Chemist: 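Below are the C-alpha cells for one structure; questions will follow.
Every chain is numbered from 1 and lettered A, B, ... according to where its sequence line falls, protein lines coming before strand lines. All of these numbers come straight from a predicted model, not from anything done at the bench. The basis for the numbers below is simple: all heavy atoms, side chains too, and nothing from hydrogens, waters or symmetry mates.
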Amino acid sequence: LGLAACGSSGSGDSSTDAASGGGDSGDLITVGFSQVGAESGWRAANTKSIQDTLTKDNGFDLKFSDAQQKQENQIQAIRSYIAQGVDYIAFSPVVESGWDAVLEEAKQANIPVILTDRAVDSEDTSLYKTFIGSDFVEEGKRIGEWVSDNLGTEPINVVELQGTTGSAPAIDRKQGFEDATKGNPNVKIIASQTGNFTRAEGKTVMEGFLQAYPDIDVVYAHNDDMGLGAIEAIEAAGKVPGKDIKIVSIDGVKDGMTALSEGKINYIVECNPLLGPDLADIIKTLQSGGTVEPRIVTHDDAFDQAAATAALPTRQY
Amino acid sequence: MTTSPTAIPPDQPDQPGEPDRPDARDREPVVAMTGITVTFPGVKALDGVDLRLFPGEVHALMGENGAGKSTLIKALTGVYAVDAGTIVVDGTARTFAGPAQAQAAGISTVYQEVNLCDNLSVAENVMLGHEVRRAGLVDFRGTRRAAREHLRALNLDIDPASTLSSHSLAVQQLVAICRAMVVDARVLILDEPTSSLDVDEVERLFAVVRDLRGRGVAILFVSHFLEQVYAISDRMTVLRNGTLVGEYRTADLPRVELVQKMIGRSLEVLEQLEEAPKRVAAERGVQPYVQALGLGRKGSIEPFDLDVYPGEVVGLAGLLGSGRTELARLLYGADRSDVGELRVEGQPTRLRTPRAALARRIVYSSESRKTEGIIGDLTVRENIVLGLQAERGWLRRIPQRKADEVVAQYVEQLGIRPADPDAIAGNLSGGNQQKVLLARWLATQPRLLLLDEPTRGIDVGAKAEIQRLVAELAEQGMAVVFISAELEEVLRLSHRIAVMRDRRKIGELVNGDDVTTDDVVDLIASGGQDA
Amino acid sequence: MNLGAIARHRLFWPLVALVLLLVASALKSPAFLEVTVRDGHLFGGPVDILRRSSVLLLVALGMTLVIATRGIDLSVGAVMAIAGAVALSQIAASPDPGALSTVLLAMATALAVALAVGVFNGFLVAVVGIQPIVATLIFMTAGRGIAMLITGGQITTVTSAPYKTIASGYWLGLPVAALIAAFVFGVTALLTRRTALGVLIESVGINPSASRLAGVRARTIIWTVYVICAAFACIAGFIKSSDIMAADSNNAGLFIELDAILAVVIGGTSLAGGKFSLTGTLVGSLVITTLTLSITILGIPVNAVSLFKALVVIAVCLLQSPVVQHRMRSRRRRVAPVPVEVPA
Amino acid sequence: MLGTVVVLAVMLAVGGSRYENFLTGRVMANVLINNSFLVVLAVGMTFVILTGGIDLSVGAVVALSGCISAWMFTHGWSAGITIPVCVLVGTLVGLVVGVMVHVFEIQPFIATLAAMFLARGLCYLVAPESIPITDPTIVKLSQTRWGTDDGLVITPSGVIALAVVAIAFVVLHYTRFGRTVYAIGGSEQSARLMGLPVARTKVLVYVISGTCAGLGGLLFAIFSRSGYSLTGVGMELDAIAAVVIGGTLLTGGSGFVLGSVLGVAVLGLIQTIITFQGTLSSWWTKIVIGALLLVFVVLQRLLVLRRR
Ligand SMILES: Nc1ncnc2c1ncn2[C@@H]1O[C@H](COP(=O)(O)OP(=O)(O)OP(=O)(O)O)[C@@H](O)[C@H]1O
Ligand SMILES: Nc1ncnc2c1ncn2[C@@H]1O[C@H](COP(=O)(O)OP(=O)(O)OP(=O)(O)O)[C@@H](O)[C@H]1O
Ligand SMILES: [Mg+2]
Ligand SMILES: [Mg+2]
C-alpha cells in the first residue's frame with residue numbers, strides 16, 4: 001500500500017519543488033502524526049512546531065491526530081494511518097511499552113516510523129527508524145548536578161514536585177536527579193509529591209510542603225508549570241522565591257524563562273519542543289534513500305538567570 | 001351497646017374449638033402469628049397482634065386506614081422484622097428474611113400497592129421466577145402461553161406480550177393477583193386486591209378465591225368493602241390502631257358491630273354511610289365551568305363532548321380501560337389533546353400542562369397515588385401544600401404559619417393519621433396517602449375537581465367523609481368530575497353520569513332517584529345505541 | 001442530645017474523618033493547626049483549608065442542586081476551564097490588565113459564556129430529554145476543547161492585581177475566596193430554604209411525574225439547576241485561574257466533577273435525587289479538601305496517594321452506610337430499605 | 001436501538017463519501033479490533049446499568065488487570081496461570097463493589113468510585129512504570145489475524161469480544177437471572193416483593209461487570225502488550241457512553257446488549273473519522289467529538305420520539 005507512494009515521490013531537497021508545484025498531491029509526502037494530547041503548554045508548542053514545518057509548502061501532507069492522552073487512541077490512529085496508506089508515520093508515544101504489535105503492522109506495510117519526544121521500549125529496534133527527542137534522565141541529571149555544585153555546598157533540604165505518577169518523564173527526571181546528587185551528602189530530598197505537571201497542583205502541593213516543612217531550601221520541579229505554581233505558593237506564604245527558597249525546573253517555556261530572568265527561578269534545563277524541523281529533515285533524508293541515526297538527542301540548553309535574560313527576546317515558545 | 005371510644009371492647013375471640021366450617025376444628029392453623037409487635041421510628045404500628053390462618057378458609061383482616069393491616073402482612077412475609085412475637089408456619093417457628101423465603105414456604109402475597117415491573121411484559125410479570133424453561137433457557141412462547149392461561153382464569157383477555165405500563169391500574173392489579181396464583185401456594189394473601197376493580201372483576205376474583213379455598217388454600221383478604229368481606233370471608237380479625245380487637249366468625253358478627261369494632265365509635269358513621277348525600281340540583285342555565293367540544297387524543301380517547309357546570313357532580317361510569325382516566329387527563333392537560341376545543345368559562349383554552357390547568361383552577365387527583373400522586377420522601381405538610389405552592393411559583397414560599405393552618409385543617413377534616421404534619425408521606429398507610437392527596441387539591445380551592453378513584457383503599461368512615469365532602473363542595477359551587485370503579489358510589493353522588501366504553505363516551509344519564517346501577521350497566525352493554 | 005443520637009447523625013462520620021485528618025496532620029506537623037495573624041490576615045492550616053475548599057464547595061453546591069433533581073453534571077470542570085480561558089484571555093488582551101473595570105468586564109463575559117453552557121445543558125436534559133450523564137458528557141469533552149481554542153492551547157498568564165485578589169486576597173483578615181464561597185453558600189441556602197425552590201427541586205427529584213401533575217414546573221426547575229450549576233462552576237473557575245494567575249485550559253478543574261459528586265454524597269444527598277443537604281455538601285467538601293492537603297503533609301508516598309484516598313473514602317462510606325448505622329444502634333431492627341422509585 | 005442503527009448508517013455513508021479508503025474492510029475491521037476491550041467493558045456495564053446502577057471502576061480495573069498480568073509475566077509466571085488471575089482480579093473487585101452496594105447499601109456511583117481509586121492505587125504499587133509483556137502466548141494472541149488479504153480480518157480478541165456479547169445476550173434474555181436484572185431495573189422494591197433473588201442478582205451484576213473489566217484488561221494487555229498504571233483513565237465514561245448511546249436507560253430496566261455494541265461502534269467511528277480528517281488540532285478534536293456525540297444523541301432522541 002505504502003510502496004507506490006514511496007516510489008513516485010521526488011528526491012532529495014524537494015521542498016522548493018513542492019512549493020512551486022502547488023497542489024499536486026502526488027509530489028507531497030504524506031505523514032501521519034499522532035500526538036499524545038495537549039496536556040501542557042510545552043506540548044502545544046511541540047504540536048505547533050510540527051504543524052508549521054510539515055506544510056504543503058514544504059512538500060508534506062500532514063495527517064495530524066490528537067490521542068487525548070490515551071494509548072488506545074494512538075494505536076487506533078496508527079492503524080488508521082496504515083489503512084490510509086500514508087508514507088511515513090511519526091508519533092509521540094503516550095507510554096513507553098506496548099507498541100510492538102502495531103509497529104509490526106506498520107513494518108509489514110512498509111511504512112517507516114519515527115518516534116518523537118518519548119521513546120518506546122521495544123527490543124526490536126528495526127520497528128522504527130529513529131527516535132528524536134530529549135533525554136529525560138539526562139535532564140534530571142543536569143539539574144541535579146547544578147544543584148549539587150551551586151547550592152549543595154552547605155546542607156540543603158530539597159522538595160520535589162513530581163510529574164504525573166507513572167509517566168516516563170516523571171520517572172526519568174526523578175532518577176536523573178537522584179543519580180546526580182547521590183554523591184553529595186549535603187543534598188537531602190525531604191519530600192516528594194506529585195503535582196501532575198500542572199501549575200494548580202504544583203501550587204497546592206507546595207502549599208502543603210510549606211505547612212509541613214518549615215525549612216525548605218530548594219524546590220525541584222519536574223516541569224516549569226509546577227515550578228510556577230510553587231512560586232505562587234511561596235509568595236503567598238510571605239517568602240521570596242528564588243532567594244528564601246530556590247527553584248530549579250525543566251522545560252524552558254516562556255513563562256518559566258520569564259520567571260527565571262526575574263530571579264524567581266534559579267535554573268532551568270531546557271527540553272526543546274521544536275521538533276518539527278528535525279522531523280522534516282529526517283523524513284527528507286529517508287525519502288532520498290539516506291539513513292539516520294537510531295537515536296537523535298535534541299540539543300537542549302540550560303539557563304541560569306543571566307542566560308535567560310539574554311535568551312528571552314528571541315524565544316519562540 | 002356502649003363502649004368508650006378509646007378502650008378496646010373486651011370481646012372474647014371465638015373459641016377455636018367451636019366448629020364453624022364442618023372440618024375446621026381438627027385442622028391446625030397453617031399460619032399462627034402471636035404477639036406481633038412492629039415499631040417504626042416514632043410509631044408503634046403493631047402491638048401484640050395475633051393472627052391465625054386456617055387451610056380452606058378465607059380470613060378477612062379488617063381495620064381502618066393505618067390500623068396496621070399491611071404492616072401485619074409485611075411482618076408475616078419478612079419485609080419488616082418483628083420486634084416481638086412469633087410466627088409459626090406449619091407448626092414450626094419461622095422468621096422470613098424476605099418475600100422470597102416466604103414464597104418458598106408457600107406464602108404468596110399480593111401487596112397493597114401494585115408491585116410489578118412496568119418495564120416488562122404482562123407475561124413476564126406474571127411468570128417472573130417461574131418462567132417455563134427449556135434446557136435451562138427461558139422459553140418465551142411457553143411462558144406467554146402459561147401466562148395467558150393464568151390470565152384467563154381471571155377473565156383477563158390481554159396480550160401477554162404487551163408491556164405492563166400500557167395497562168390501566170386496575171388491569172395491573174389483576175395481573176398482580178394472577179402472579180400470586182402462579183405458585184401453588186398454601187397461603188394466599190391479598191391486600192386490598194379489589195380497590196380498583198369493578199363488580200364483574202370482583203366476582204371473577206371471588207370465583208377463583210372460592211375455588212382455591214375449596215382446594216384447601218388459606219386466604220387472607222383485606223378490603224374496605226364490607227359487602228365483599230361478607231360475601232367471601234369465613235372468619236375475620238379486626239385491628240384497631242395497631243392493636244388486636246379480636247377474631248370472629250363472619251357469620252357471628254353483624255356489619256354494624258364490625259364497623260363499631262373497627263372504628264371504636266357508635267353507629268353514627270355507618271348511618272352516614274347508608275344515607276345518600278344530598279344531591280342539590282345544579283342551577284342549569286349557568287355557563288358550564290368547563291366545556292369540551294369534540295376533545296380527543298389519537299390512540300387514547302375518541303373525541304367527546306362534555307359540559308361540567310359549577311355546583312354539579314358529573315360521574316364517569318364505565319368498565320376497566322374504558323377511558324375514564326384518559327378523559328380526565330385531557331381535561332387537566334396532563335395529556336395534550338390533538339383535536340377539539342376546551343372552553344373554560346366560555347373561553348377557548350389550550351391546556352398544555354397541568355400547571356396551566358391549575359392556573360384555571362382545575363385540579364386532578366390521579367388514580368395511581370404511588371407514581372403520580374404522593375411525593376414519597378416529602379413530609380405530609382410538604383405534600384399537602386405542594387399544589388398551593390406550585391400555583392404560587394417558587395419565589396413566594398407559603399408562610400409557615402399559613403401552611404400549618406391549611407395542613408391542620410385538612411388533617412383534622414379528613415382524619416389523616418398519624419396526625420403529624422412532619423411524618424414522611426411515603427410511610428403513611430395507603431388510605432392515608434390518598435387522603436393527603438385529596439387534601440393537596442382541596443387546599444388549592446379549585447373550581448373544577450377531577451377525582452379519579454378518590455375513595456380507592458379508603459376505610460368506611462373516611463369514605464363517607466369524602467363522599468360528604470364532595471357533595472358539600474358541589475353545594476358550595478364547585479364543579480366535580482367523579483370517577484370510581486364502584487358504581488353505587490358514582491350513582492349516589494352524581495347529578496349526571498357520563499358513560500364510557502371502549503375509550504368513547506357513549507352516552508349521558510341524568511341521575512335521579514329512579515336511576516339504578518342496572519340502567520348504567522344496560523347502557524354500557526348496549527354500547528349507547530339508545531342514548 | 002445524647003451521644004448515641006449524635007453518633008447516628010448523618011454527618012457524624014464525615015466529621016470524625018475530618019477531625020482525624022486534621023489531628024493526624026497536626027501530629028505530623030505541629031504548627032499545622034496554629035492560626036496566626038500576619039499583615040492583618042489570618043494564616044495557618046485551618047484558614048488554608050477554608051480557602052482551598054472554596055473551589056470544590058462552589059462546584060459541589062451546584063452539583064447538589066443538580067443531583068437533587070436526579071441529574072448529574074459532568075461538565076463542571078470544562079466550565080471552569082472555559083471561565084478561566086475567557087476571563088484571562090480577555091484580561092491579557094486588554095491594554096490595562098490591572099484595571100478593575102477590565103477585570104469585571106472579563107468576568108462578566110465569562111459568566112455569560114458559562115451561563116450559555118448551563119442553558120445548553122439544561123435544554124438537552126429538560127427539553128430534549130437526553131439522560132443527564134450523556135447530555136453533560138458532551139460539554140465535558142467539547143467544553144475543554146472550546147477553552148483550549150480560546151487560549152490556543154497555551155497557558156495564558158496574566159498579571160492583574162484585582163484578579164489576583166479573588167484567590168489570594170484577604171478581606172477582614174479572611175481569604176476572599178473563602179468569603180466568596182461562603183457568600184454563595186449563604187445565597188444558595190436562602191434561595192432554597194427561604195423560597196420554595198428547595199422543596200420544589202426535591203419534589204421533582206423524588207417523583208417527577210407526580211410533581212408535574214401537581215402543577216410544578218418540573219422542566220423549568222430542571223433547566224434552572226443546570227444554569228445555576230454552570231454559574232457556580234464559573235465562579236470556581238475564576239478562583240482556580242486566579243490562584244495560579246493563569247488559564248490552564250487542559251487541566252483546570254480536571255476530574256473535579258468526581259470530587260464534587262463525592263462531596264455531595266458524603267454530605268448525605270442521594271444520587272437518586274430528592275432530599276438534599278447543603279450543610280452536608282459543605283462538610284463533604286471540607287473532608288475532601290483536607291484529605292488532599294493531608295496527603296502532602298503526612299508525606300504519603302506518591303504511589304500510595306490513590307490508595308490512601310480510596311481507603312479514607314471507603315471507610316467513611318462504610319461507617320455512614322445505613323447498615324452499619326443500624327448495627328451500631330443498641331436496638332437492632334431490620335427494615336427493608338425504602339428504595340427510591342425509578343420509573344422506567 | 002433502531003435509532004442507533006440509523007445514525008450509524010448515516011455516519012458510515014457520510015464518512016465513505018468524504019474520505020478515500022474509509023469504507024474498506026480494513027477500516028471496519030479495525031473498529032472492532034481496536035475496541036474489543038471496550039466492547040467487553042460495555043457488555044459488563046450494560047448489566048449494571050440495566051439494574052439502575054453504574055460502574056465507574058472499570059477503567060481502573062482494566063489498568064490493574066493489565067499491570068498484574070505484566071508483573072506476573074515479568075516474574076516468570078506462565079500464561080496459563082496469569083490469564084485467569086488477571087480476569088479474576090476483576091471478579092474480585094466486582095465482588096467487593098457488589099457487597100458494598102448490596103450489603104452496605106452504598107450508592108453504586110460512590111462504591112465504584114472508591115473501587116476506582118483503590119484499583120488505580122494498587123496499579124501504582126504493582127507497576128509504577130509501564131511494563132512490556134513479552135510472553136509468547138500474549139504475543140501470539142496479539143499477532144494472530146484471521147481473514148482476507150484486503151484487511152477484513154479478525155483477531156482472537158475480536159472473537160473473544162463477540163463471544164462475550166453472544167453469551168451476555170443469551171444470559172440477559174433467556175435466563176431467569178437476566179430477566180431478574182431487568183425486573184430490578186424496573187423497580188427494585190417490586191422485584192423484592194415479587195420474591196425475586198434481588199440480593200444475589202445485584203451482587204452478581206457487579207461481579208459480571210468486574211469480570212468483564214478484568215477480561216477487558218487482558219484484552220487491552222494483548223492489544224498493547226504492556227501493563228501501565230495510567231491505562232484506561234476515563235475509559236469508564238467511554239463504556240457508559242457506549243451503553244447509553246446504544247439505547248439503554250441509565251435509570252435501568254430497558255436496553256439491549258447489542259445496542260451497547262453499536263454504541264462502541266459509534267465511538268470507534270467517531271475516532272476513525274477524526275483520524276481520517278487528519279487536520280483537526282487537539283482542541284478541535286475535542287470539540288468535534290462533543291459535537292458528533294451531540295448530533296448523535298439528539299438524532300437518536302428524535303427518532304425515538306417520532307416512533308411514539
Ligand atoms: N415504613 C414505615 N415507616 C414508618 N411508619 C410506617 C411505615 N409503614 C407503615 N407505617 C405506619 O404504620 C401504620 C400502619 O400502616 P399500615 O400500612 O399497616 O395500615 P393499613 O391498615 O394497611 O391501612 P390502609 O387501609 O390505609 O392500607 C401507619 O400509621 C403507618 O403510617
Ligand atoms: N380488561 C382489559 N382488557 C384489555 N385491556 C384493558 C383492560 N382494561 C384496561 N385495559 C387497557 O388499559 C388502558 C387504560 O385505560 P384507562 O386508564 O382509561 O381506563 P379507565 O376507564 O380509567 O379504567 P380504570 O381506571 O378503572 O382502569 C386502556 O388502554 C385499555 O386498553
Ligand atoms: Mg394497607
Ligand atoms: Mg382509570
Chemist: Picking from D/T285, D/I289, D/L125, which has the most non-hydrogen pairs under 4.5 angstrom with chain C?
Modeler: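 Ranked by heavy-atom pairs under 4.5 Å with chain C, first place is D/L125.
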Chemist: Looking only at non-hydrogen atoms, find the nearest pair between C/N303 and D/Y124 and report the distance.
Modeler: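 The answer is O-CB, 3.2 Å.
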Chemist: May I ask you to list the residues in residues 227-237 of chain D that approach chain C closer than 4.5 angstrom, counting heavy atoms only, ordered by number?
Modeler: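 Within residues 227-237 of chain D, near chain C: D/V233, D/L237.
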Chemist: By a 4.5 Å heavy-atom criterion (distance strictly below it), what part of C/F139 contacts chain D: side chain, backbone, both, or neither?
Modeler: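 C/F139 has no heavy atom closer than 4.5 Å to chain D.
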Chemist: Is it the side chain or the backbone of D/L122 that comes within 4.5 Å of chain C heavy atoms, both, or neither?
Modeler: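 Both parts, backbone and side chain.
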Chemist: Once you round to the nearest 0.5 Å, how far does CD1 of D/I240 lie from CG of C/L74?
Modeler: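 That separation rounds to 8.5 Å.
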Chemist: Which pair of non-hydrogen atoms, one from D/G121 and one from C/S306, has the smallest distance, and what is that distance?
Modeler: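 Heavy atoms of D/G121 and C/S306 come nearest at CA-CB, 3.5 Å.
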Chemist: Can you tell me how far apart CD1 (C/I133) and CD1 (D/I49) are? Round to the nearest 0.5 Å.
Modeler: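 C/I133 atom CD1 to D/I49 atom CD1 measures 7.5 Å (nearest 0.5 Å).
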Chemist: Which of these passes side-chain contact (heavy atoms from CB on, under 4.5 Å) with D/L294: C/T141, C/V128, C/L124, C/L137?
Modeler: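 Exactly one candidate clears the test, C/L124.
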Chemist: Looking at chain C, which one of D/G290, D/A119, D/A60, D/P128 has the largest number of heavy-atom pairs inside 4.5 Å, strictly under?
Modeler: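 The answer is D/G290.
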Chemist: Nearest 0.5 angstrom please: D/L293 CG to C/M140 CE, how far?
Modeler: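 D/L293 atom CG to C/M140 atom CE measures 11.5 Å (nearest 0.5 Å).
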Chemist: Let's go through C/V265 and D/F109 carefully: what are the C-alpha distance in whole Å and the side-chain angles of both, what is the deciding distance for side-chain contact (heavy atoms from CB on, under 4.5 Å) to 0.1 Å, and is it a yes or a no?
Modeler: CA-CA 9 Å; C/V265 172; D/F109 200 100; 6.0 Å; no
Chemist: At their closest point, which heavy atom of D/M100 faces which heavy atom of C/L318, and how far apart are they?
Modeler: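 Of all heavy-atom pairs spanning D/M100 and C/L318, the closest is CG-CD2, 4.5 Å.
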Chemist: For chain C, find which of D/V103, D/L118, D/I54 contributes the most heavy-atom pairs closer than 4.5 angstrom.
Modeler: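 Most heavy-atom pairs within the cutoff with chain C belong to D/L118.
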Chemist: Hey, could you give me the CG/CD1 distance between C/L258 and D/I110, rounded to the nearest 0.5 Å?
Modeler: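 One finds 9.0 Å between CG of C/L258 and CD1 of D/I110.
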Chemist: When rounded to the nearest 0.5 angstrom, what is the spacing between CD in D/Q107 and SG in C/C317?
Modeler: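 That separation rounds to 8.5 Å.
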Chemist: I'd like to know which of C/V305, C/I146, C/V302, C/I138 tops the heavy-atom pair count under 4.5 Å against chain D.
Modeler: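 If we count pairs closer than 4.5 Å to chain D, C/I138 comes out on top.
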Chemist: Quick check against the 3.5 Å criterion: does C/R144 have a side-chain atom that pairs as donor or acceptor with the backbone of D/K286?
Modeler: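 Between the backbone of D/K286 and the side chain of C/R144 there is no qualifying donor-acceptor contact (under 3.5 Å).
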Chemist: With chain D, which of C/V312, C/I314, C/L271 has the greatest number of heavy-atom pairs at distances under 4.5 Å?
Modeler: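 Heavy-atom pairs under 4.5 Å are most numerous for C/L271.
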Chemist: Under 3.5 Å, sequence neighbours excluded: what are the donor-acceptor pairs made by side chains of residues 148-156 of chain C?
Modeler:
| residue | atom | partner | partner atom | Å |
| --- | --- | --- | --- | --- |
| C/T151 | OG1 | C/A147 | O | 3.2 |
| C/T151 | OG1 | C/M148 | O | 3.4 |
| C/T151 | OG1 | C/Q154 | O | 3.3 |
| C/T151 | OG1 | C/S249 | OG | 3.1 |

Chemist: Given a strict heavy-atom distance threshold of 4.5 Å, which part of D/L292 is in contact with chain C: side chain, backbone, both, or neither?
Modeler: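 No part of it gets close to chain C.
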Chemist: Closest approach of C/A142 and D/I287, non-hydrogen atoms and distance?
Modeler: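 Of all heavy-atom pairs spanning C/A142 and D/I287, the closest is O-CG1, 3.7 Å.
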